[in-house]
Amino acid sequence: MNIQFKKGVLELCVLSLLKQGDKYGYELADTVGREIDISEGSVYPLLKRLRAEGYFEVYLRESPAGPARKYYRLTEKGAETQAQLEDEWQEFTKSVSAILGGGDQ
């Protein structure tokens with residue numbers, strides 16, 4: 001798949017996963033990576049940027065198998081942004097599908 005497609009949708013994917021519940025970094029990277037061929041290293045810079053923009057907060061939770069894990073929790077701003085991005089994605093894919101399928105405009 002085209003790298004630009006992946007980069008463009010990665011933010012929506014991460015925010016959508018956090019909408020489902022708190023997750024730690026590797027869990028996010030692994031879940032996205034199972035569906036979209038991306039490197040784990042692509043997710044962490046995005047997490048840093050989204051945190052700086054106030055889309056989620058971070059907290060530590062003890063792990064039964066090693067050191068504490070850093071978990072990400074969606075903020076209200078993050079939930080609003082996720083909903084907006086999802087709406088935009090739906091419109092975009094509808095428009096592209098119409099073009100690809102030769103649908104009426």
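All figures in this text were calculated on a predicted structure; none of them were measured in a lab.
- Evaluation of the salt bridge (Lys or Arg N to Asp or Glu O under 4.0 Å) test over residues 57-71, restricted to residues two or more places apart or in two chains, returns Glu57-Arg73.
- Side chain of Thr75 to backbone of Gly54: a donor-acceptor contact under 3.5 angstrom is found.
- Residues Phe56 and Leu50 form a side-chain contact, since some pair of their non-hydrogen atoms from C-beta on lies under 4.5 Å apart.
- Once rounded to the nearest 0.5 Å, the distance linking CG of Leu17 with CD of Glu35 reads 9.5 Å.
- In this structure, the separation between CG on Leu12 and CG on Leu85 is 5.5 Å, given to the nearest 0.5 Å.
- Here CG of Asp22 is found 9.5 Å from CD of Glu27. Values are rounded to the nearest 0.5 Å.
- Rounding to the nearest 0.5 Å places CD of Gln20 at 8.5 Å from OG1 of Thr31.
- Here Leu47 contributes atom CG and Glu11 contributes atom CD; the two are 11.0 Å apart, rounded to the nearest 0.5 Å.
- Here Tyr55 pairs with nothing under the ring-ring contact (aromatic ring centres under 6.0 Å, His included) rule; sequence neighbours left out.
- Closest approach of Cys13 to Ile36, counting heavy atoms only: SG-CD1, 3.8 Å.
- In this structure, Glu88 has no salt bridge (charged side-chain N to carboxylate O under 4.0 Å, His left out) partners at least two apart in sequence or on a different chain.
- Scanning all heavy atoms of the two residues, the minimum distance from Gly41 to Pro45 falls at O-CD, 2.9 Å.
- To the nearest 0.5 Å, the span separating OG1 on Thr81 from CD on Glu76 amounts to 10.5 Å.
- In this view, Tyr26 satisfies the side-chain hydrogen bond (donor to acceptor under 3.5 Å, both in side chains) rule with no residue, not counting sequence neighbours.
- Here the side chain of Thr93 pairs a donor or acceptor atom with the backbone of Gln90 at under 3.5 angstrom.
- For Ser39, the side-chain hydrogen bond (donor to acceptor under 3.5 Å, both in side chains) partners at least two apart in sequence or on another chain are Ser42.
- Every ring-ring contact (aromatic ring centres under 6.0 Å, His included) that Tyr71 has, sequence neighbours left out, goes to Tyr24, Tyr59.
- Side-chain atoms of Leu18 and Leu28, non-hydrogen and from C-beta on, do get closer than 4.5 Å to each other.
- Side-chain N or O atoms of Lys77 include one that pairs as donor or acceptor with a backbone N or O of Glu53 at under 3.5 Å.
- Criterion: ILVMFWY side-chain heavy atoms under 4.5 Å apart, direct or through other members. Under it, Leu60 and Tyr44 are not part of a common hydrophobic cluster.
- Residues meeting the side-chain hydrogen bond (donor to acceptor under 3.5 Å, both in side chains) test with Gln82, sequence neighbours left out: Ser16, Glu86.
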